[in-house]
Amino acid sequence: MSDFAPRVFSGVQPTGNLHLGNYLGAIRKFVALQESQDCIYCVVDLHSITAQLVHEDLKSQIRSITAAFLAAGIDPKRHIVFNQSRVSGHAELAWIFNCVARIGWMNRMTQFKEKAGKDRENASLGLLAYPSLMAADILLYRATHVPVGDDQKQHLELTRDIAIKFNNDFSERIAEAGLGTEIAVGEETVNGYFPITEPLIGGEATRVMSLKDGAKKMSKSDPSDLSRINLTDDAEQIARKIKKAKTDPDALPSEPKGLEGRPEADNLVGIFAALAEKTKADVLSEFGGRQFSEFKPVLADLAVEKLSPINGEMRRLIDDPGHIDAVLKDGGERAGAIAEKTMRDVKDIVGFLR
Ligand code: AQP
């Protein structure tokens, strides 16, 4: 329990085609949450230059992610949709958080290790500091809840660590300025400026795996297009990719326990369950004992049924960049007003002269 008004924030990088993992792990949850919460959804373009600096067409990637948000059903009038670089508070707060966070915290991040690979010395400083910018994205709006896929869990823990350290290090200043809000920490109640954000990670598809390798996350940057279902794929492409998806020779088990040690089977059953809004147990009680040659066409039909309306709407929106740009401009102005207030408070707390 805390006295912070509930607010949802989440972001998606404009680094390529959105895929089924982004949809089931994140965007579908964004849509569901907007019915009951105040939501801010961001195309995190500043993050997109951390792993690769020069992008061929960043502007159209930003528009395409925005089109996916809108096509999936996010309402940009009732909520806020914008691209991160429009609001300078993200970079400003990230700098302050770079001074709050410790290098050791960043060095432990799995995503940094995976993305930097063996040649860490040659990774950008931005890639190392990525989680600090992510904490700034969330805390600039003092967001209390963040819907994400399972891969972002560690970054959200770090966001909590940054908020806790900032609240502790500046506790007297926060109290003096009357800027504290009550936060429950275990049995105790403390006064802090930033909320201790809760991750929202749940359902049957928190980590959708590559269709070609059940040990690898489905990812925009995987060089093989057959590894993922893109939100822009048509019915034929979806069916072909599912048909070619890696599986094992055994029939489907009748219970989830039988998926242990069968990552590709587990992944396809999880995708089916998430698309059908059922549990894996429900899916297996229907398909247990059936071969993949029977299961895959039913999965393909379900994926086409769920994704083709989004696909059609995305194409329509991408053909109207003026509308997308107007949505981002309006969202940026509304996000900017909230961010400005936070940055004024933070500058007062840190002790800068304004
Ligand atoms: N495979 C996945 N399963 C479930 N959720 C996923 N997400 C990403 N991949 C999966 C969730 O989608 C949201 C947006 O992710 P992102 O674009 O900001 O960055 P990412 O996690 O790095 O995604 P990618 O596709 O793997 O991109 P690249 O290849 O550019 O690194 C997040 O909530 C994420 O959890």
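Atoms within each ligand, like the ligands themselves, are counted from 1 in listed order. Computation of the quantities below employed the complete heavy-atom set of this structure, encompassing side-chain atoms and omitting hydrogens, waters and symmetry-equivalent molecules. This chain uses plain numbering: 1 for the first residue, then up along the sequence.
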Is any side-chain N of the basic residue among [X] and [Y] closer than 4.0 Å to the acidic one's carboxylate O?
| X | Y | value |
| --- | --- | --- |
| Asp345 | Lys341 | yes |
| Asp325 | Arg63 | yes |
| Arg316 | Glu313 | yes |
| Lys241 | Asp225 | yes |
| Arg240 | Asp233 | no |
| Glu333 | Lys329 | yes |
| Arg354 | Asp348 | yes |

Taking [atom] as the reference point, the nearest protein heavy atom with its distance:
| atom | value |
| --- | --- |
| atom 12 (O) of ligand 1 | Asn22 ND2, 3.1 Å |
| atom 27 (O) of ligand 1 | Lys220 NZ, 3.4 Å |
| atom 3 (N) of ligand 1 | Val208 N, 2.8 Å |
| atom 28 (P) of ligand 1 | Ser221 OG, 3.6 Å |
| atom 24 (P) of ligand 1 | Lys217 NZ, 3.7 Å |
| atom 13 (C) of ligand 1 | Ala26 CB, 3.7 Å |
| atom 5 (N) of ligand 1 | Gly21 O, 3.1 Å |
| atom 35 (O) of ligand 1 | Asp151 OD1, 2.5 Å |

Does Met209 come within less than 4.0 angstrom of ligand 1, counting non-hydrogen atoms of the residue?
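Per 4.0 Å heavy-atom rule, Met209 does not contact ligand 1.
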Examine ligand 1 and decide if any of its atoms is less than 4.0 Å from a heavy atom belonging to Lys115.
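Yes; Lys115 lies near enough to ligand 1 that a heavy-atom distance drops under 4.0 Å.
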Residue among Arg228, Lys212, Lys216, Lys217 satisfying salt bridge (charged side-chain N to carboxylate O under 4.0 Å, His left out) with Asp222:
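Among Arg228, Lys212, Lys216, Lys217, the one that satisfies the salt bridge (charged side-chain N to carboxylate O under 4.0 Å, His left out) with Asp222 is Lys216.
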Is Arg142 positioned over the aromatic face of Tyr193, cation under 6.0 angstrom from the ring centre and no more than 45 degrees off axis?
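Satisfied, under 6.0 Å and within 45°.
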With respect to Thr15, determine whether any N or O atom, backbone or side chain, lies less than 3.5 Å from an N or O atom of ligand 1.
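Indeed, backbone or side chain, Thr15 has an N or O that close.
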Does an N or O anywhere in Val44 fall below 3.5 Å from an N or O of ligand 1?
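Between Val44 and ligand 1, no N or O pair is found under 3.5 Å apart.
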For Leu33 and Pro147, work out which heavy atoms get closest and say how close.
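Distance-wise, the nearest heavy atoms are CD1-CG, 3.6 Å.
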Of the backbone atoms (N, CA, C, O) and the side-chain heavy atoms from C-beta on, which set of His47 has a member under 4.0 Å from an atom of ligand 1: side chain, backbone, both, or neither?
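No part of His47 is near ligand 1 at this cut-off.
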Out of all atoms in ligand 1, which are within 4.0 Å of some heavy atom of [X]? Include the element for each.
| X | result |
| --- | --- |
| Thr206 | 3 (N), 4 (C), 5 (N) |
| Gly25 | 4 (C), 5 (N) |
| Ser219 | 24 (P), 25 (O), 26 (O), 28 (P), 29 (O) |

